[in-house]
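Remarks on the structure that follows.
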Amino acid sequence: MPIGPRDSSRTPRYAGIATFALLPRLEEVEHADIAVVGVPFDSGVSYRPGARFGPSHVRESSRLLRPYNPVQDILPFDRVQVADAGDIAVNPFSIDDAVREIEERADELTAGGTRLLTIGGDHTIALPLLRSVAKRHGPVAVVHFDAHLDTWDTYFDAPVTHGTPFRRASEEGLIDLTASLHVGIRGPLYDRDDLADDARLGFAIIASHEVERAGMPAALERMHARLGDRPVYVSVDIDVLDPAHAPGTGTPEAGGLTSRELLEFLRGLRRHRIVGADIVEVAPAYDHAQLTGIAASHVGYEILTSMVPPA
Ligand SMILES: N=C(N)NCCCC(=O)O
Ligand SMILES: [Zn+2]
Ligand SMILES: [Zn+2]
């Protein structure tokens, strides 16, 4: 039987050091099926900094999560061993070093078959995480929830930033060009060519306004059809949510998804085989009353639930 979260009816949930969902630490379990790991890195941002404080904020905001998920009708932590692996503490002064360190640690953590839910950190970290995942699974279907395409080429000539991870991943053959998609895209772009480039790099798009116009059932069907039966990597940039739902982030854009819509997309992933996931761009300095942290913690909870294999 897996070791579950600390019992909040015995120790107040607000006491003690926070792990994600008050789960055990990796050192406290024999083997983790899934590890939650923080990456406090934000040296790749193009606008407001601060996502380096994301992991501790999301953990702190996750104390109120409870073991039973009623919508998915499952106690995820009874079914698989989930543990908190702490943070990958990387070099803030060299993006190249940091990206190498993240990939190496991800390789170590997953060597025994453990899958990762990573809490960032800015979106740069998706690149080394995809490099690691593709070594085990080959090119994966990426379902990328974000206001932004993140398939731009360079910023100030820098190729590895939070606006470029999926272009690099596509060029490196890490993603399945026939099965990847963005969800929640919106806001002004640099040029019309951005969309043509993005399609060439292998992404379909369910834009934020399309979710509104076509409705959730149609949007979910499009997601399922695109992902097919490929192994799926889930990347959630918290700025996919409207700033009203998640103000604590570095590059906010108006007109985003509600947290209710995002959680429903994530529940829909239960029918797919998730091989890894990340939640990025939580920047607590711009948060209020843990709104963004709580949204991110529920995002993590639904992803973990959807990672539980069918009975
Ligand atoms: N990945 C995030 N959150 N943002 C990318 C925005 C890149 C830009 O400044 O255009
Ligand atoms: Zn974004
Ligand atoms: Zn992003």
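Numbering of ligands and ligand atoms starts at 1, following listing order.
- Between Asp33 and Arg79 no salt bridge is recorded (no basic side-chain N to carboxylate O distance below 4.0 Å).
- Among all heavy-atom pairs drawn from Tyr233 and Val275, the shortest one is N-CG2, 4.4 Å.
- The closest approach of Asp146 to the Zn ion (ligand 3), by N/O/S atoms, is made by OD2.
- Each of Asp197, Asp150, Asp194 was evaluated against Arg167; a single residue qualifies, Asp197, per the salt bridge (charged side-chain N to carboxylate O under 4.0 Å, His left out) test.
- Under 4.0 angstrom from ligand 1, the non-hydrogen atoms of His162 come from both its backbone and its side chain.
- Judged purely by distance below 3.5 Å, without hydrogens or angles, the side chains of Thr178 and Asp176 pair a donor atom with an acceptor atom.
- Here His123 does not reach the Zn ion (ligand 2): none of its N/O/S atoms is less than 2.8 Å from the metal.
- Contact record, Gly4 with Pro24: O-CD, 3.3 Å, taken as the closest heavy-atom pair.
- The N, O or S atom of His148 with the smallest distance to the Zn ion (ligand 2) is ND1.
- Two rings, from His148 and His182, have their centers 6.0 Å or more apart.
- Scanning Asp194, Thr251, Leu189 for the heavy atom closest to atom 4 (N) of ligand 1 points to Thr251.
- When heavy-atom distances to ligand 1 are checked against a 4.0 Å cut-off, Thr249 has no atom that comes that close, whether in backbone or side chain.
- In summary, an N, O or S atom of Asp237 is located under 2.8 Å from the Zn ion (ligand 3).
- Distances from the Zn ion (ligand 2) show that Asp150 has no N/O/S atom below 2.8 Å.
- For the 3.5 Å distance criterion, the side chains of Gln72 and Ser306 qualify, holding a donor opposite an acceptor.
- For the Zn ion (ligand 2), the N/O/S atoms of Asp239 include one lying under 2.8 Å.
- Neither the backbone nor the side chain of Tyr47 has a heavy atom within less than 4.0 Å of ligand 1.
- For ligand 1, the atoms sitting less than 4.0 Å from at least one non-hydrogen atom of Tyr190 are 8 (C), 9 (O), 10 (O), numbered in the order shown with element in parentheses.
- Under 4.0 Å from ligand 1, not a single heavy atom of Val280 appears.
- Remark: the Asp146 side chain and the His123 side chain contain an N/O donor-acceptor pair separated by less than 3.5 Å.
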